[in-house]
Amino acid sequence: MADVAEEMDLQVEAKNQKEMDLAKMRHSASHVMAQAVLEKFPDAKLAIGPAIDTGFYYDFDLPRTLTPEDLDGIEQRMKEIAAEGHEFQRDEIPRDEAVEFFKDQPYKLELIEDLPDDEVISRFTHDSFVDLCRGPHVENTSKIGHVRLLSVAGAYWRGDEKRPMLQRIYGTAWPTEQELEEFLQRLEEAQRRDHRRLGRELDLFSVSEEIGAGLILWHPKGAMVRHLVERFETDEHLKRGYNIVYTPHIASEAIYKRSGHLETYSENMYKPMDIEGSPFYLKPMNCPGHVMIFNSDVRSYRDLPVRYAELGTVYRYERSGTLHGMLRVRGFTQDDAHIFCRPDQLQGEIAGVLDLAMYFAEVFGYEFEIFLATRPEKSIGSAENWEAATTALSDALKSKDLVYKVEEGEGAFYGPKIDIKFLDSLGREWTGPTIQVDFNLPERFDANYIGEDGNRHRVAMIHRTVLGSMERFVGGLIEHFAGAFPVWLAPVQALVVPIADRHGEYAMSVADRLRTAGLRVEVDDGSDRMQAKIRRGQMQQVPYMLVVGDKEAEADAVAVRLRSNENLGAMPIDDFVGNANQVIESKSLELMP
RNA sequence: GCCGAUGUAGCUCAGUAGGCAGAGCAGCUGUUUCGUAAACAGCAGGUCGGCGGUUCGAGUCCGCCCAUCGGCUCCA
């Protein structure tokens, strides 16, 4: 038993080894791809070609833009090179020789220039292709795995928009054909779940060119999902001692001067509008408003902590090319809150937020990963404050027995933070809760409280969100559940399906009873055959389809079909209502108790 | 914003060589009244993303603009 930890270590090591092998294989595949590209375009300038989580890429400066047909040809040639089994050979060369050797490759020259003086410069050669590379590589080109080229995209040299735009070819490589197929199927599955596609198919939301890019129109069904999430969110906050506040959507320039947003955040703020000669801004953040509420009165240490929560709608400028469905928008509603407390209350307050975050993760069925970001190089606030706040964050995490990873220097300039990433049912990461300690705003707004000693003290401030924004969160939910929301969130929970016209009246009476019992119900009283009605219900991911015909009308029953394709047969209406309400009240992810 | 691609009916898409704008699904009307994932027939539906240009004639060719999609973070 003593060896459990050791066993775990071995597993971690094995996992790391596997990842390294995969990266080695993929990076080697990128070299083979570069050879194929260079054969096709002898004048190509090579940039970099690393392995990434999903495969690999290589950036090229080419005489013309690539087409999908080019990719087919390049992939074909890669397979030939792989079949020929050329050995990867490493050699080291002095810096001046490297400069001479890569004299026609400006990007490689720049890379060499940036290498530290004492760095060994190495090349890898296979067949006719030589690349500046640290390695490592697989032994020969036959070991690059099962490769598929995926897409071509623009990418700035070194990610810098002031530098040349290169062409990047993305590919993936896997040890076996089967793993490649599984990966491609996961890609398809992700496409099938895309919230933009499901948003249209399930009539949840849309974006109108005439309203404007990056601005979400919530249709009744999507709005219902959002409403239910918000209601749950609000109830939980009230239970946990938060006070709800509302702050305006626009505010005068003065406040953003004082908060510092005009200095540090103006890139994301819209141009001001003129109100009787004074500039007003659309609010990009809710914090200044909450601070003003805190400052509207003298606060005693006995009043603290104060927790202001707002489903606050903010508007931020995002560059047109970065917009993405509901996930990256220009106007969105945060489930925002600011906690004002004494420094000695920080840890407890942070623990409270963690508790809430963990509860939400559980209810929505997300796994999660936690990151603690510490003081960056450029920062404000005293070393003692940073130390105390960072300790409060980590102690709060420890008090909840939560495992976390420290990200040194990744905190905001105004304070350390905890970032929690939700992992959805496909294992993909989503922005989750964040908890930030803020040293900046209390200073700028002189936010304080009267202590036991009768003196003024600087208040401690926590900025936190649990769901992020309603747009991003609901967009994430759509993909997480592939549109099949748990019953408590389903916009339509039950679809009553009369078999023939003569059952219409009974169907209506069933629907009325269910509505009275609090369920969201629709009746499909069209002249389609039952099969067609069920099909529509299935495609709309309605959890319960209630078929009613002669037998059911006679027995005061409904025949319950679940969207999981299970047919439960006839059930007294009261039994169905009891079951459904149990599922709904418990926010179960199952369809039946 | 930048690179590339795309934009035709509510949705998915076809449209050949520049010569009267099409299909399936959805919608509407009628027939059918049916027991667990698509009944049958008919009808209607379009500023071909927008603006400008070339042409006798533009969905098709050219220019500008808008929007959408894939990227621009994973650093030999």
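All chains are named by letter (A, B, ...) in the order of the sequence lines, taking the proteins before the strands, and each is independently numbered beginning at 1. Bear in mind that the values here come from a model prediction, so they are computed numbers and not experimental data.
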Take atom [atom1] in [N] and the same atom in [M], then report the distance between them in whole Å.
N     : M     : atom1 : result
B:G49 : B:C13 : P     : 15 Å
B:A26 : B:U12 : C1'   : 11 Å
B:A23 : B:G46 : P     : 14 Å
B:G53 : B:A58 : P     : 12 Å
B:G42 : B:A37 : C1'   : 26 Å
B:G50 : B:U31 : C1'   : 44 Å
B:U55 : B:G18 : C1'   : 9 Å
B:U6  : B:G45 : C1'   : 25 Å

Between [atom2] on [N] and [atom1] on [X], what's the gap in Å once rounded to a whole number?
X        : N     : atom1 : atom2 : answer
A:Arg535 : B:A37 : CZ    : C1'   : 6 Å
A:Glu318 : B:G1  : CD    : C1'   : 12 Å
A:Glu161 : B:G1  : CD    : P     : 12 Å
A:Met326 : B:U68 : CE    : P     : 15 Å
A:Met545 : B:A38 : CE    : P     : 13 Å
A:Ile211 : B:C66 : CD1   : P     : 18 Å
A:Asp501 : B:U33 : CG    : P     : 10 Å
A:Leu150 : B:A5  : CG    : C1'   : 16 Å

Discussion item. Please classify the nucleic acid contact of A:Arg200 as base, sugar-phosphate, or nothing, using heavy-atom distances under 4.0 Å.
Written reply: sugar-phosphate
Discussion item. Under 4.0 Å, heavy atoms only, any strand: does A:Lys533 hit a base, just the sugar-phosphate, or nothing?
Written reply: nothing
Determine which nucleotide pairs with [N], using a 3.5 Å limit on both distances of a Watson-Crick or G-U wobble pair.
N     : result
B:A37 : none
B:G42 : B:C28
B:G70 : B:C3
B:A58 : none
B:C51 : B:G63
B:C13 : B:G22

Practice prompt. Compare every heavy atom of A:Tyr270 with every heavy atom of A:Tyr281, then report the nearest pair and how far apart it is.
Written response: CD2-O, 3.3 Å
Worksheet item: How does protein reach along nucleotides 70-76 of chain B, written 5' to 3' as B (base within reach of a heavy atom under 4.0 Å), S (only sugar-phosphate), or - (no contact)?
Response: BBBSSSB
Options [options], nucleotide nearest the side-chain atoms of [X]:
X        : options             : result
A:Ile499 : B:A39, B:C34, B:U68 : B:C34
A:Met539 : B:A38, B:A37, B:U31 : B:A37
A:Ala213 : B:U68, B:A39, B:U36 : B:U68

[Y]/[X] salt bridge by N-O under 4.0 Å criterion:
X        : Y        : answer
A:Lys551 : A:Glu554 : no
A:Arg536 : A:Glu522 : no
A:Arg196 : A:Asp194 : yes
A:Arg192 : A:Glu188 : no

Discussion item. Using OP1 and OP2 only, check whether a side-chain N or O of A:Arg163 sits under 4.0 Å from B:C2.
Written reply: no
Worksheet item: Is any side-chain nitrogen or oxygen of A:Arg197 closer than 4.0 Å to OP1 or OP2 of B:C11?
Response: no
Item to complete: Ignoring hydrogens and angles, tell me if any N or O in the side chain of A:Gln89 forms a donor-acceptor pair with the backbone of A:Glu139 under 3.5 Å.
Response: no
Worksheet item: Want to settle it: does A:Glu552 or A:Leu166 sit nearer the 5' end of RNA chain B, counting the closest nucleotide to each?
Response: A:Leu166
Fill in: Of A:Gln531 and A:Ser320, the one whose closest RNA chain B nucleotide lies more 5'
A:Ser320
Worksheet item: Is the gap between the ring centers of A:Phe576 and A:Tyr544 under 6.0 Å?
Response: yes
Worksheet item: Does some side-chain heavy atom of A:Arg123 sit less than 4.5 Å from a side-chain heavy atom of A:Arg90?
Response: no
Worksheet item: NE2 of A:His324 to CD of A:Glu318: how many Å apart, nearest 0.5 Å?
Response: 13.0 Å
Worksheet item: Has the side chain of A:Arg529 got a donor or acceptor atom sitting under 3.5 Å from an opposite partner on the base of B:A39?
Response: no
Worksheet entry | Worked verdict on A:Phe56 versus A:Tyr58 for ring pair (Phe, Tyr, Trp, His ring centres under 6.0 Å) | CA-CA 7 Å; A:Phe56 61 89; A:Tyr58 211 116; 9.2 Å; no
